[in-house]
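Heads up: the structure comes next, in structure tokens.
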Amino acid sequence: MEFTPRQSQTEKQLVHVIWMTSGLSCDGESVALTSATSPSLEDLIRGTIPGMPGLVIYNPLLAYETGEDFVKVWHDAAAGRLEPFVLVLEGSIPNEELCGDGHWAGFGVDPATGQPISTCTWLERLLPRAAAVMAVGTCAAYGGVPAMRNNPTGAMGLGDHLGAGWTSRLGIPIVNLPGCPVQPDNLTETLMQLVLRLVHVGPDLDLDEQGRPRWLFERTAHDGCDRAGFYETRAFAARPGDDGPCLVKLGCSGPVVKCNVPVRGWINGIGGCPNVGGICMACTMPGFPDKFMPFMDSDGLGRLAAHPARFTYGPALRYLRERAIRRTYDVEPEWRRRSDRPESVR
């Protein structure tokens with residue numbers, strides 16, 4: 001769908017957003033985009049934010065145009081006729097070297113050959129032209145569910161596909177925005193900050209070691225959870241639906257998960273997994289889902305926290321949490337890498 005921004009008396013610069021949904025995923029981020037309120041999708045495309053350039057978003061899920069009328073924009077971007085543009089990828093990248101005679105994912109038809117254009121081919125054409133790149137959703141950022149152990153596609157995140165240290169033609173690293181799906185306002189806020197950076201109105205984005213916006217992912221879900229006080233006093237829920245106590249014994253991974261949903265909510269500050277009685281399943285983490293399964297079982301740290309031994313209280317427990325995050329949960333499984341060997345999907 002082509003969203004045309006409102007123009008002021010002085011013609012605004014236009015920034016285009018090429019939004020690819022042809023990775024391996026569920027289009028959850030495109031749906032979440034429509035739920036954002038601070039800023040909203042409408043705020044971005046209508047030019048109501050001071051200093052914001054005009055924004056045109058091309059998204060297959062929201063598009064009115066179909067077929068070649070829609071794909072023409074992709075060809076224009078690949079040919080350098082659409083400047084500047086932000087490339088947004090939704091979904092993990094399959095390893096097309098393992099697909100045999102077909103392809104795992106793609107969209108559009110190559111006019112020269114009459115064959116479908118794979119997602120990997122589109123990336124090869126678009127990445128050298130992109131001013132900046134966002135990998136939205138845990139699938140695009142780190143591989144996510146399609147990249148689970150033993151998957152046949154060799155799926156991986158965009159950073160694994162491109163290799164460590166990749167930057168756009170303007171020297172901007174990949175901006176990873178994990179979540180399953182991404183919290184809606186995290187999505188629009190980060191896109192806004194990135195676009196402001198491109199037009200020299202905003203600063204460089206402060207990203208952490210995993211390419212995430214640091215200001216959104218510097219705290220754990222536990223740090224912002226309104227049940228955290230029960231954790232410290234050893235008041236734990238015994239069964240789903242218990243009102244009030246901490247859910248760590250029911251499998252909540254909040255103490256080792258970097259996520260701001262408990263603080264930000266989901267829509268208009270309302271909702272979000274732990275805010276409505278659900279456990280944190282760690283969907284924002286690089287190790288998701290393999291390192292957090294089975295979801296309803298508490299991990300070692302959860303059992304330690306629930307144990308009556310008082311030495312786990314305070315600084316000692318925080319040290320153990322931070323070490324576990326750094327060494328285990330904030331690290332992707334080793335098989336999510338580019339390879340033409342079948343072992344890559346073991």
Side-chain angles (χ1 to χ4, degrees), residues 1-5 13-34 41 44-45 53-97 99-137 139-141 146 153 155-158 161-162 166 168-170 174-175 177 181-182 187-188 191 194-195 198:
M1 182 175 188
E2 179 177 332
F3 299 102
T4 304
Q13 177 183 353
L14 278 181
V15 174
H16 304 269
V17 178
I18 302 295
W19 193 298
M20 293 182 61
T21 62
S22 58
L24 304 177
S25 74
C26 63
D27 291 352
E29 280 63 48
S30 294
V31 175
L33 181 68
T34 66
L41 174 60
L44 296 181
I45 63 179
L55 201 64
V56 184
I57 301 177
Y58 307 92
N59 181 304
L61 183 71
L62 306 176
Y64 176 80
E65 301 83 2
T66 61
E68 289 303 313
D69 291 338
F70 180 73
V71 177
K72 180 181 182 300
V73 176
W74 264 252
H75 292 299
D76 288 344
R81 296 190 292 267
L82 203 68
E83 292 285 347
F85 72 87
V86 177
L87 179 61
V88 176
L89 175 69
E90 185 173 343
S92 56
I93 310 300
N95 186 345
E96 295 294 355
E97 296 173 349
C99 71
D101 295 330
H103 64 279
W104 295 118
F107 83 103
V109 175
D110 192 326
T113 65
Q115 297 299 310
I117 304 175
S118 72
T119 298
C120 291
T121 299
W122 277 120
L123 290 174
E124 291 172 0
R125 296 177 180 181
L126 294 171
L127 284 167
R129 302 281 189 179
V133 177
M134 290 178 62
V136 298
C139 294
T153 66
M156 66 196 81
L158 183 59
H161 178 75
L162 296 177
W166 186 92
S168 73
R169 62 181 178 84
L170 298 184
I174 300 169
V175 179
L177 201 59
V182 177
L187 187 53
T188 52
L191 179 59
L194 186 57
V195 170
L198 292 182

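Positions are given from 1 along the sequence.
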May I ask you to test the [X]-[Y] pair for a side-chain heavy-atom distance under 4.5 Å?
X: T34; Y: L62; value: yes
X: S92; Y: W104; value: no
X: V71; Y: I117; value: no
X: T21; Y: N59; value: yes
X: L44; Y: V17; value: no

Parallel, tilted or perpendicular, judged at 30° and 60°: which one describes the rings of F107 and W122?
parallel

Do the side chain of [X] and the main chain of [Y] share a donor and acceptor less than 3.5 angstrom apart?
X: T119; Y: S22; answer: yes
X: S168; Y: A131; answer: yes
X: E90; Y: W19; answer: no
X: R169; Y: R129; answer: yes
X: Q13; Y: P53; answer: no

Starting from the C-alpha separation in whole Å, work towards a yes-or-no answer on side chain to side chain contact (heavy atoms under 4.5 Å, CB included) for M20 and L126.
CA-CA 11 Å; M20 293 182 61; L126 294 171; 4.0 Å; yes

Minimum heavy-atom separation for [X] to [Y], with atom names?
X: G137; Y: V182; result: N-CG2, 3.3 Å
X: G106; Y: H103; result: N-CD2, 4.0 Å
X: H161; Y: I93; result: ND1-CG2, 3.6 Å
X: A135; Y: I174; result: CB-CG2, 4.2 Å
X: H16; Y: Y58; result: ND1-OH, 3.2 Å
X: T121; Y: S118; result: OG1-OG, 2.9 Å

Distance in Å, [X] [atom1] paired with [Y] [atom2], rounded so as to fall on 0.5 Å steps:
X: D76; Y: L82; atom1: CG; atom2: CG; result: 6.5 Å
X: F70; Y: E68; atom1: CZ; atom2: CD; result: 11.5 Å
X: M134; Y: L158; atom1: CE; atom2: CG; result: 12.0 Å

For the pair L87 and L123, evaluate side chain to side chain contact (heavy atoms under 4.5 Å, CB included) and give the outcome as yes or no after the intermediate values.
CA-CA 9 Å; L87 179 61; L123 290 174; 4.2 Å; yes

L191 vs V136, side chain to side chain contact (heavy atoms under 4.5 Å, CB included): CA-CA, chis, key distance, verdict:
CA-CA 10 Å; L191 179 59; V136 298; over 6 Å; no

When you look at L24 and C139, which way does the side chain to side chain contact (heavy atoms under 4.5 Å, CB included) test go after all the steps?
CA-CA 7 Å; L24 304 177; C139 294; over 6 Å; no

